[in-house]
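All chains are named by letter (A, B, ...) in the order of the sequence lines, taking the proteins before the strands, and each is independently numbered beginning at 1. Just so it is clear, the model here is predicted, and its values are computed rather than measured.
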Amino acid sequence: MAKAQQLKPAFFARSVHRVAPELIGATLLVDGVGGVIAEVEAYHHTDPAAHSFGGQTERNAVMFGPPGFAYVYRSYGIHWCLNFVCEPEGSASAVLIRAIEPTEGLAVMRRRRGLKEERLLCSGPGRLAQALGVTHAKHNAKRLDRAPFQILARESKPELVAGPRIGISKAIELPWRYGIKGSHYLSKPFPI
DNA sequence: TATGAGATCAACT
DNA sequence: GTTGATCTCATAC
């Protein structure tokens with residue numbers, strides 16, 4: 001744990017399509033609780049499925065800000081979802097963190113989720129946010145290289161798979177979902 | 001195993 | 001009034 005490099009804002013200030021696959025295998029911790037990122041999705045402002053498509057609103061304002069910040073939004077009225085803002089300021093692109101493999105703070109996550117099934121702790125954006133204690137009030141528009149966030153660069157490159165994104169109705173054909181091949185912690189298996 | 005509804009709120013038409 | 005980057009539980013096969 002001590003050797004790993006903390007990811008800097010410069011890491012995020014590049015194309016989401018470079019950042020997203022490189023985040024797979026990195027370690028995400030919030031207040032020391034979290035694990036290895038197993039699944040993400042890329043969203044770009046030219047993408048009809050992105051919140052930032054069609055201009056800035058109060059909700060997505062942080063997506064239009066500088067990279068290396070957290071964008072937390074409410075999904076279906078009840079869940080929180082965690083995104084990392086990418087690309088130079090104004091590009092309004094982000095990576096949605098969809099699943100992690102829990103490694104740190106298992107007991108805390110189980111308590112917050114009310115589950116003992118480890119595989120289900122963080123396999124989905126809403127579950128992940130709940131397990132890590134991420135909320136709009138506490139984490140939206142916060143820097144990713146400052147407490148309580150810790151994002152550690154991966155030390156080896158996992159085998160990647162890509163595929164269509166999940167839960168959207170526009171631009172469903174874009175293969176901008178990335179994951180660790182064969183991981184048991186994916187929110188849904190990737191089509192072969 | 002598979003499908004369906006409910007929860008619950010902000011943006012959008 | 002409808003929809004959405006979702007999850008859980010109930011009911012049906």
Distance check needed: [N] [atom2] versus [X] [atom1], whole Å only.
| X | N | atom1 | atom2 | result |
| --- | --- | --- | --- | --- |
| A:Arg74 | B:dA7 | CZ | P | 16 Å |
| A:Asn60 | B:dC12 | CG | C1' | 12 Å |
| A:Phe53 | B:dA11 | CZ | C1' | 15 Å |

Next item on the list: Toss me the dot-bracket line for DNA chain C: Watson-Crick and G-U wobble, both under 3.5 Å, 5' to 3', using | for pairs to another strand and [ ] for crossers.
Entry: ||||.|||||||.
Next item on the list: Between C:dT8 and B:dA10, how far apart are the C1' atoms? Round to whole Å, please.
Entry: 22 Å
Notebook entry, point to check: Mind checking the C1' distance from B:dT3 to C:dA5? Whole angstroms is fine.
Noted result: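 The same atom, C1', in both gives a distance of 22 Å.
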Note to self: Whether the A:Arg112 and A:Gln130 side chains hold a donor-acceptor pair (N or O, under 3.5 Å, no angle test) is what I'd like checked.
What the structure shows: no
Item checked: A:Arg74 and A:Trp80, any side-chain heavy atoms less than 4.5 Å apart -> yes
Notebook entry, point to check: With side chains defined as the heavy atoms from C-beta onward, is the minimum distance between A:Phe12 and A:Leu144 less than 4.5 Å?
Noted result: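 A:Phe12 vs A:Leu144: side chains touch.
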Next item on the list: Classify the ring geometry between A:His17 and A:Trp176 as parallel (under 30°), tilted (30 to 60°) or perpendicular (over 60°).
Entry: tilted
Check: When rounded to the nearest 0.5 angstrom, what distance separates CZ in A:Arg98 from SG in A:Cys122?
Finding: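 Here the rounded value is 13.0 Å.
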Determine the contact category for [X]: base if any of its heavy atoms lies under 4.0 Å from a base atom, sugar-phosphate if only primed atoms, P, OP1 or OP2 are that close, otherwise nothing.
| X | result |
| --- | --- |
| A:Gly126 | sugar-phosphate |
| A:Arg177 | nothing |
| A:Leu96 | base |
| A:Arg165 | nothing |

Next item on the list: Could you tell me whether A:His45 and A:Phe64 have their ring centroids closer than 6.0 angstrom?
Entry: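 No.
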Notebook entry, point to check: More 5' along DNA chain C: A:Leu128 or A:Ser169, using each one's nearest nucleotide?
Noted result: A:Ser169
Note to self: Both A:Arg127 and A:Tyr71 contact DNA chain C. Which one's nearest nucleotide lies toward the 5' end?
What the structure shows: A:Tyr71
Notebook entry, point to check: More than 12 non-hydrogen atoms from neighbouring residues, nucleotides or ligands closer than 6.0 Å to CD on A:Gln6, yes or no?
Noted result: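 Above 12, so yes.
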Next item on the list: Only one of A:Ser123, A:Ser183, A:Ser187 passes side-chain hydrogen bond (donor to acceptor under 3.5 Å, both in side chains) with A:Glu39; say which it is.
Entry: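 That would be A:Ser187.
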Next item on the list: Taking heavy atoms of chain A and a 4.0 Å limit, find me the 5'-most and 3'-most nucleotide of DNA chain C within that range.
Entry: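 First and last nucleotides in contact are C:dG4 to C:dT8.
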Notebook entry, point to check: With distance as the sole test, does A:Glu41 use its side chain to make a donor-acceptor pair with the main-chain N or O of A:Ile166 at under 3.5 Å?
Noted result: yes
